[in-house]
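See structure below.
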Amino acid sequence: MSREDTMDQPDGTRLHRLVEHLRRGEAPQLAAGAARQAGRGLRSVARVGDATGRLRMMRMLAESALGREEDQRPASAARPFRVPELGDRIVWLRPRSRDYAAFQFLAEGHHMPPADMPGPVRHIAVFGANIGLLLADLADEYPEARVLGIEPDFDNAVLARRNTEHLGDRATIIDTAVWHRDTTLEVGWGRDAWGLDLAADQTGNGTVEHPQTVGPVIEASDAGRLLTDWSGGAPVDYLLVSVETAWREILRHGDWARDVRCIKVEISDAHSAETAQDAVPLLEKLGFRARLETLPWGAFAIGLR
């Protein structure tokens, strides 16, 4: 997941962006955004069920506001937070990371299927599971369903397993990148540290997107095979796709999605207003009835069969 903001940019970059926003007369929007962020922070503190945890959450809120986030924090840095509204279970989050924002995002409910998705729901998958919070919430919402999380970052996958261990064998976490075929991908970790951005497919497609920082070459797995091996060939009732800038290329080669009944694709890159328009025709070409739902930070493309 990648939200376009400035809180972890170097001071000069943040100041430059602030001046640009003010020059364009966007002070009211900036104030409204700051108020929304403050409200989310207070609600996140209130969701924690003990005084020690609330103090720890307040510290994470302050560090986030001051821009003290770090890229790719190790799983060993995670701290426990007891959350009564989640059945009093423990949620593991890392300080100075985007885990705090992922916890906020959970309360927004954007990861849930559309209201018009037909049932029953027995198989749910998330491409780009991050630290597993959305996957666990979907499993709670659909207690008869098995859930699959695909996450390319090793430390995120470790926390995803920890945050879904209460589900037992209902949950499966696979630490790999997802693609439309087995290949290797060159990736980079953007400064907002939500996840890995695609730089290039190493086996013939050339450069697809340019992350801010080019990183390692990683293995990627065929999406169709991953889903079929996990479900045993049964349809996947709901698939949430949160794969940073890779969503276009995956949908362009979307034969793997033929057994997916409902798909929801998160579009949150820096040019989402323009690129989001590409998603609906791509989904329609794959046989979905598609529509676009826009948000202040991006959009979701939704497809139903």
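One is the number of the first residue; the rest follow in order along the sequence.
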**Asked** How many angstroms lie between atom OG of S231 and atom CZ of R146, to the nearest 0.5 angstrom?
**Response** 7.5 Å
**Item:** Pair I124-L148, side-chain contact (heavy atoms from CB on, under 4.5 Å): steps then yes or no
**Value:** CA-CA 6 Å; I124 295 172; L148 169 69; over 6 Å; no
**Request:** Verify side-chain contact (heavy atoms from CB on, under 4.5 Å) between L227 and D259, making sure each step is shown before the conclusion.
**Result:** CA-CA 9 Å; L227 294 176; D259 293 324; over 6 Å; no
**Asked** Can you name the closest pair of heavy atoms from R54 and G49 and give their distance?
**Response** NH1-C, 3.7 Å
**Prompt:** In Å and rounded to the nearest 0.5 Å, what is the NE2 to CD distance from H111 to E266?
**Reply:** 11.5 Å
**Message:** Can you give me the closest heavy-atom contact between D155 and A75, atom names plus distance?
**Reply:** OD1-N, 2.9 Å
**Asked** Are any non-hydrogen side-chain atoms of L106 and L134 less than 4.5 angstrom apart?
**Response** yes
**Item:** Residues forming a ring pair (Phe, Tyr, Trp, His ring centres under 6.0 Å) with W256, sequence neighbours excluded
**Value:** F127
**Message:** I want to check something: taking the side chain as every heavy atom from C-beta on, are T184 and I218 in contact at a cut-off of under 4.5 Å?
**Reply:** no
**Item:** Lys/Arg-Asp/Glu bridge criterion (N-O < 4.0 Å) met for D140, R89
**Value:** yes
**Message:** Assess the residue pair L86 and V91 against the criterion (side-chain contact (heavy atoms from CB on, under 4.5 Å)); give the C-alpha distance rounded to whole Å, side-chain angles, the decisive distance to 0.1 Å, and a yes or no.
**Reply:** CA-CA 9 Å; L86 299 180; V91 169; 3.8 Å; yes
**Request:** Enter the distance from L283:CG to L304:CG here, rounded to the nearest 0.5 Å.
**Result:** 10.0 Å
**Asked** Could you state the interatomic distance from CG (L251) to CG (D278), rounded to the nearest 0.5 Å?
**Response** 10.0 Å
**Message:** If you compare all heavy atoms of L167 against all heavy atoms of V147, which two are closest, and at what distance to 0.1 Å?
**Reply:** CD1-CG2, 4.1 Å
**Message:** Are L138 and I302 linked, directly or through intermediate hydrophobic residues, by side-chain heavy-atom contacts shorter than 4.5 Å (ILVMFWY only)?
**Reply:** no
**Item:** Side chain R170, main chain A139, donor-acceptor under 3.5 Å
**Value:** yes
**Message:** Using a 3.5 Å distance criterion without hydrogens, assess whether the side chain of D182 forms a donor-acceptor pair with backbone atoms of D222.
**Reply:** yes
**Asked** Are R162 and E165 ion-paired here, with the side-chain N under 4.0 Å from a carboxylate O?
**Response** no
**Asked** Is NZ or CZ of R305 both nearer than 6.0 Å to the six-membered ring centre of F288 and within 45° of the ring axis?
**Response** yes
**Prompt:** How far does CZ of F300 sit from CD1 of I263, to the nearest 0.5 angstrom?
**Reply:** 12.5 Å
**Prompt:** What closest approach, in Å, do A220 and W179 show between heavy atoms, and which atom pair accounts for it?
**Reply:** CB-CB, 3.8 Å
**Message:** Could you measure the distance from the CD atom of E144 to the NE2 atom of H123? Nearest 0.5 Å is fine.
**Reply:** 12.0 Å
**Asked** Can you find a heavy atom in the side chain of I250 that is under 4.5 Å from one in the side chain of V178?
**Response** yes
**Prompt:** For the side-chain contact (heavy atoms from CB on, under 4.5 Å) test, which of I131, N130, L135, D137 pairs with L133?
**Reply:** I131
**Item:** Close side-chain approach of L295 and H110, heavy atoms under 4.5 Å
**Value:** yes
**Message:** Please check if the number of heavy atoms outside R122 that lie under 6.0 Å from its CZ is greater than 12.
**Reply:** no
**Asked** With no hydrogens and no angle check, do the side chains of N156 and R161 hold a donor and an acceptor under 3.5 Å apart?
**Response** no
**Prompt:** Is there side-chain contact between R291 and V280, with at least one heavy-atom pair below 4.5 Å?
**Reply:** no
**Common cluster, I174/W230, ILVMFWY with side-chain heavy-atom separation under 4.5 Å** = yes
**Request:** Would you indicate whether the side-chain heavy atoms of L239 and C262 approach each other to under 4.5 Å?
**Result:** no
**Request:** Over all heavy atoms of both residues, which pair between P118 and R261 is shortest? Give the atoms and the distance, please.
**Result:** O-NH2, 3.0 Å
**Message:** Between D175 (side chain only) and V158 (backbone N and O only), is there a donor and an acceptor less than 3.5 Å apart?
**Reply:** no
**Asked** Taking all atoms of both residues into account, what is the closest heavy-atom pair of A160 and T164, and its distance?
**Response** O-OG1, 2.7 Å
**Prompt:** Is any side-chain heavy atom of P113 less than 4.5 Å from a side-chain heavy atom of Y142?
**Reply:** yes
**Prompt:** Does S97 use its side chain to pair, donor to acceptor, with the backbone of R94 at less than 3.5 Å?
**Reply:** yes
**Asked** Please walk me through it: do F81 and L93 pass side-chain contact (heavy atoms from CB on, under 4.5 Å)?
**Response** CA-CA 8 Å; F81 295 86; L93 309 172; 3.8 Å; yes
**Request:** Answer yes or no on whether R47 is positioned over the face of F103, meaning its NZ or CZ is under 6.0 Å from the six-membered ring centre and within 45° of the axis.
**Result:** yes
**Request:** Might you confirm whether atom CE of M112 has over 12 heavy atoms from other residues, nucleotides or ligands at distances under 6.0 Å?
**Result:** yes
**NZ/NE/NH1/NH2 to OD/OE distance under 4.0 Å, D153 and R73** = no
**Prompt:** Can you find a pair of side-chain heavy atoms, one from W247 and one from I267, that are under 4.5 Å apart?
**Reply:** yes
